[in-house]
Number of protein chains: 2
Amino acid sequence: MFLGRHAHAVDAKGRMAVPARFRDALADGLVLTRGIDRCLALYPMAAWRPLAEKIDALPISDPDARTFRRLVFAEAVDLTLDTQGRILLPPELRAYAGIDRDALVVGVHTSVEIWSPERWASVSAALDDDGAEVAQRLASLI
Amino acid sequence: MFLGRHAHAVDAKGRMAVPARFRDALADGLVLTRGIDRCLALYPMAAWRPLAEKIDALPISDPDARTFRRLVFAEAVDLTLDTQGRILLPPELRAYAGIDRDALVVGVHTSVEIWSPERWASVSAALDDDGAEVAQRLASLI
DNA sequence: GGGAAAGTGGGGACAAGTGGGGTCCCCGGT
DNA sequence: ACCGGGGACCCCACTTGTCCCCACTTTCCC
């Protein structure tokens with residue numbers, strides 16, 4: 001289970017530390033790819049496999065499905081943690097997410113998202129100050 | 001079952017003691033996150049899991065649902081009690097709830113809320129003044 | 001009022017995060 | 001085939017933060 005928002009630095013070599021409490025779940029490999037809303041999505045290998053099969057099963061006749069398939073698969077890379085528990089973010093993916101020097105590693109229960117701080121701020125601004133709105137959404141969606 | 005209101009200090013390291021009678025129910029982990037009305041919400045792991053499952057099931061095709069999902073999980077932290085029965089309140093969550101030196105730990109049956117004394121005072125003052133009115137509005141719900 | 005449990009606070013060990021340096025290997029050029 | 005450049009990865013060092021342990025104080029309950 002991935003939780004929390006962790007600010008981490010990307011060093012000159014493009015490496016970024018993965019929060020220590022996430023590492024066990026990622027020890028046997030992970031897949032990093034483009035996520036929705038211009039973030040990066042990181043899946044433990046065990047979670048990636050069924051997800052890939054689902055996406056693969058989308059009808060090829062549907063234009064949106066084709067686009068989505070390309071979004072996910074075209075830039076996907078499988079990585080392993082290095083001996084310091086870091087991953088190397090490929091330049092294309094960093095560019096896609098607008099990540100430069102700093103990044104936010106966000107646990108989203110079953111997967112992990114990586115955000116540029118600026119984009120994250122714009123996403124969270126909508127609900128940040130308004131707890132009541134969160135509550136209403138909770139009530140209506142659940 | 002959590003009941004009662006307990007005043008506790010937050011020390012210089014951000015640690016806060018959990019009332020002794022709450023500890024058994026929190027022994028196998030807990031999740032701390034933002035609560036409604038600028039308090040912090042603390043769930044025993046057993047209560048958190050079904051809640052997380054529900055949120056996880058929200059459709060990723062809906063942008064609002066994606067944002068909601070991200071914020072709920074991103075602002076949550078999973079903690080364990082230290083050997084003294086304390087938890088470490090992350091600085092972001094303390095800032096969100098306006099908790100500095102002192103905090104109120106409030107049992108609300110299935111979960112626990114943590115308040116800054118000032119905010120609690122203003123909320124409970126409102127309840128003192130309008131208690132009868134609030135009760136009337138709620139009458140239809142019970 | 002006395003003892004035990006709970007709460008509070010500080011010191012220190014250890015792990016996590018960060019960044020730099022060095023080495024091996026692949027690959028392309030001579 | 002050999003050499004040189006670049007990238008990926010490992011190792012090491014330093015800094016920061018977390019957590020354990022110990023000690024003291026306060027509160028609660030006999």
Side-chain angles (χ1 to χ4, degrees), chain A residues 2-32 40 42 75-95 99-107 112-117 120, chain B residues 2-32 40 42 45 74 76-95 99-107 112 114-117 120:
Chain A
F2 304 108
L3 289 179
R5 190 188 38 156
H6 309 264
H8 279 226
V10 179
D11 69 18
K13 300 179 182 180
R15 299 174 298 184
M16 190 197 66
V18 171
R21 33 178 77 178
F22 290 4
R23 289 178 195 164
D24 280 351
L26 301 173
D28 49 341
L30 60 96
V31 173
L32 183 69
L40 303 182
L42 189 161
E75 302 286 348
V77 279
D78 61 332
L79 303 171
T80 53
L81 301 176
D82 72 10
T83 50
Q84 266 69 37
R86 294 179 284 197
I87 55 173
L88 183 67
L89 302 178
E92 315 87 58
L93 287 176
R94 265 191 298 167
I99 292 169
D100 184 28
R101 183 68 184 65
D102 294 296
L104 292 177
V105 183
V106 180
V112 176
E113 292 182 348
I114 303 170
W115 289 79
S116 95
W120 177 261
Chain B
F2 304 108
L3 290 177
R5 183 177 43 114
H6 311 262
H8 282 253
V10 180
D11 69 19
K13 299 180 181 180
R15 298 175 297 185
M16 189 197 66
V18 170
R21 43 179 75 172
F22 290 3
R23 288 177 195 167
D24 279 351
L26 301 174
D28 50 342
L30 61 96
V31 173
L32 183 69
L40 303 182
L42 189 160
M45 195 53 76
V77 217
D78 62 332
L79 302 171
T80 53
L81 301 175
D82 73 9
T83 49
Q84 267 69 36
R86 294 178 286 195
I87 55 174
L88 183 67
L89 302 179
E92 315 88 58
L93 287 177
R94 265 190 303 170
I99 293 169
D100 184 26
R101 184 68 184 66
D102 295 295
L104 289 177
V105 182
V106 182
V112 176
I114 303 170
W115 288 80
S116 98
W120 176 262

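Toward the 5' end of DNA chain D, the nearer of the two residues A/Gln84 and A/Leu88, judged by each one's closest nucleotide, is A/Leu88. Nearest-nucleotide positions on DNA chain D for B/Arg21 and B/Pro91 put B/Pro91 closer to the 5' end.
Distance NE2 (B/His8) to P (C/dG9): 12 Å, rounded to an integer number of Å. Rounding to whole angstrom units, CG of residue B/Asp82 and P of C/dG7 are separated by 12 Å. For the pair A/Ile87 CD1 and C/dG17 C1', the interatomic distance rounds to 14 Å; values are reported in whole Å. Separating the CZ atom of A/Arg86 from the C1' atom of C/dG20 is a distance of 10 Å, rounded to the nearest angstrom. In this structure, the NE2 atom of B/His6 is 17 Å from the C1' atom of D/dT26, given to the nearest Å. Separating the CZ atom of B/Phe22 from the C1' atom of C/dG7 is a distance of 15 Å, rounded to the nearest angstrom. The CG-P distance, from B/Asp11 to D/dA23, rounds to 18 Å in whole Å. Distance, B/Met16 CE to C/dG7 C1': 12 Å, rounded to whole Å.
The number of heavy-atom neighbours closer than 6.0 Å to CZ of B/Arg23, taken from other residues, nucleotides and ligands shown, is above 12. At most 12 heavy atoms of other shown residues, nucleotides or ligands fall within 6.0 angstrom of atom CG in B/Asp24.
Nearest nucleotide to the B/Lys13 side chain, out of C/dT18, C/dA16, D/dC20: D/dC20. For A/Ala9, counting side-chain heavy atoms from C-beta on, the closest listed nucleotide (C/dT18, C/dG9, C/dG7) is C/dT18.
The line from NE2 of A/His6 to CD1 of A/Ile114 is 11.5 Å long, rounded to the nearest 0.5 Å. Between the CG atom in A/Leu81 and the CG atom in A/Leu88 there is a gap of 12.0 Å [rounded to 0.5 Å].
Using a cut-off of 4.0 Å between Lys/Arg side-chain N and Asp/Glu carboxylate O, A/Asp82 and A/Arg15 are scored as not salt-bridged.
If you check every strand for non-hydrogen atoms under 4.0 Å, A/Val18 touches sugar and phosphate atoms only.
For C/dG7, its base never sits under 3.5 Å from the side chain of B/Arg15 at any donor and acceptor pair.
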